[in-house]
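A quick note: this is a predicted structure, and the numbers were derived from the prediction, not measured.
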Amino acid sequence: MNAMTDTTHFDRLSNQHLDALEEETIFILREVAAAFERPTLLFSGGKDSLVMLKCAEKAFGVGRIPYPLLMIDTGHNFHEVTDFRDFRAKELGAELIVRSVEDSMARGTVRLAHPGESRNVHQSVTLLEAIDEFRFDALIGGARRDEEKARAKERIFSHRDSFGQWQPKAQRPELWTLFNTRLQPGEHFRVFPISNWTELDVWQYIEREKIALPSLYYTHKRDVVERKGLLVPVTDLTPAKDGEKIESRDVRFRTVGDITCTCPVESTAATAADIVIETLAADVSERGATRMDDKTSEASMEKRKKDGYF
């Protein structure tokens, strides 16, 4: 990342804009509760979903979040994240629904091309099955426009057709925070309350609100190999290949997801304030720096979104 870690001037960095972002997010979370019959909040235990959960806590109060939390688990998630997910949901008194790609595999609705294939893209199938099971009409997600080109095309209220597909040219205008939430039978919305936030905003908010995160987000020692410009963690699911040199480095994760496609970055940042300073110096988005599944093609995310991905 070639990132700075000197926090000498951190106190000079303004975070007053966070009040406006938080207010917008709370407004959207309340709008979803008012406009839809069966909404849910997608909750992975990652930093963006934890920021949304903090805003939901402010919007409704502890134990009063009016929709369940939904997690689509590939079965290959970092245990630090899933453990923290369970802890945070219990702490808030929120209902947590977990649906697994492995269950879809058992039903035969997901079939891997080979045993080592990443399950990440197949979350779309399990998600659509959960939508059908619970008849969800709105799914609140933590995607942001600065993450990736396809996500920059999103509306805050993103319409999905009866097949769960996203049609970027068929999205509805959003003027003066007026949202058209009308649905035909079988359709639903994906709603992105932190769409206008950046990675820097998220970390400033985490620092300001003292939001607890899984330990993976902060510096730690990990065995990695360099592969295609990324630091690939050495695990049972992602072993080193012949000829690759395993090194123990100080790393942290900018984003967390399926182990088979998520990579850390080299970093000694031990606090949210340290990460704010690093983020100021970063010249590659978090997905560009850490996600192997986005390296397949320029339009890989857009294709997955059209198939029902987050």
Reference residue D258; test side chain to side chain contact (heavy atoms under 4.5 Å, CB included); the match among L237, D73, V121, N120: N120
For [X], look at atom [atom1] and say whether over 12 heavy atoms of other residues, nucleotides or ligands are found less than 6.0 Å away.
X: E174; atom1: CD; result: yes
X: R208; atom1: CZ; result: yes
X: D19; atom1: CG; result: yes

Under 3.5 Å side-chain donor-acceptor pair for R107 and S104: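 On atom types as modelled, these side chains qualify, holding a pair under 3.5 Å.
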Any donor-acceptor N/O pair, [X] side chain to [Y] backbone, under 3.5 Å:
X: H159; Y: H188; answer: no
X: T25; Y: P193; answer: yes
X: T219; Y: S267; answer: yes
X: R160; Y: R190; answer: no
X: Y217; Y: K47; answer: yes
X: R119; Y: T74; answer: yes

Minimum heavy-atom separation for [X] and [Y], please, with both atom names.
X: E80; Y: S215; answer: CG-OG, 4.0 Å
X: L50; Y: G45; answer: CD1-O, 3.4 Å
X: I156; Y: S195; answer: CG1-CB, 4.1 Å
X: A240; Y: R227; answer: CA-NH2, 4.2 Å
X: L200; Y: L280; answer: CD2-CD2, 3.6 Å
X: T238; Y: P233; answer: OG1-O, 2.6 Å

Between F78 and F253, ring centroids under 6.0 Å: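 Yes; F253 has its ring centre under 6.0 Å from that of F78.
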What is the distance from atom [atom1] of [X] to atom [atom2] of [Y], rounded to the nearest 0.5 Å?
X: S44; Y: L69; atom1: OG; atom2: CG; answer: 11.0 Å
X: Q204; Y: T279; atom1: CD; atom2: OG1; answer: 9.0 Å
X: E129; Y: D103; atom1: CD; atom2: CG; answer: 9.0 Å
X: S49; Y: I194; atom1: OG; atom2: CD1; answer: 8.5 Å
X: S158; Y: Q167; atom1: OG; atom2: CD; answer: 10.5 Å
X: L128; Y: R99; atom1: CG; atom2: CZ; answer: 14.5 Å

Answer yes or no: is there an ion pair linking [X] with [Y], defined by an N-O contact shorter than 4.0 Å?
X: R249; Y: E226; value: yes
X: E199; Y: R254; value: yes
X: K221; Y: D250; value: yes

Side chains of residues 32-41: which donor-acceptor pairs under 3.5 Å do they make with residues two or more places apart or in other chains?
unit_1	atom_1	unit_2	atom_2	d
R38	NE	R135	O	2.6
T40	OG1	P68	O	2.8

Minimum side-chain heavy-atom gap E22-K54 below 4.5 Å: no
Any L216 side-chain heavy atom under 4.5 Å of R252 side chain: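 No, side chains not in contact.
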For H76, ring pair (Phe, Tyr, Trp, His ring centres under 6.0 Å) partners two or more places apart: none
R144: which of D201, N196, D48 passes side-chain hydrogen bond (donor to acceptor under 3.5 Å, both in side chains): D48
Parallel, tilted or perpendicular, as decided by the 30° and 60° cut-offs, for the rings of F179 and F27: tilted
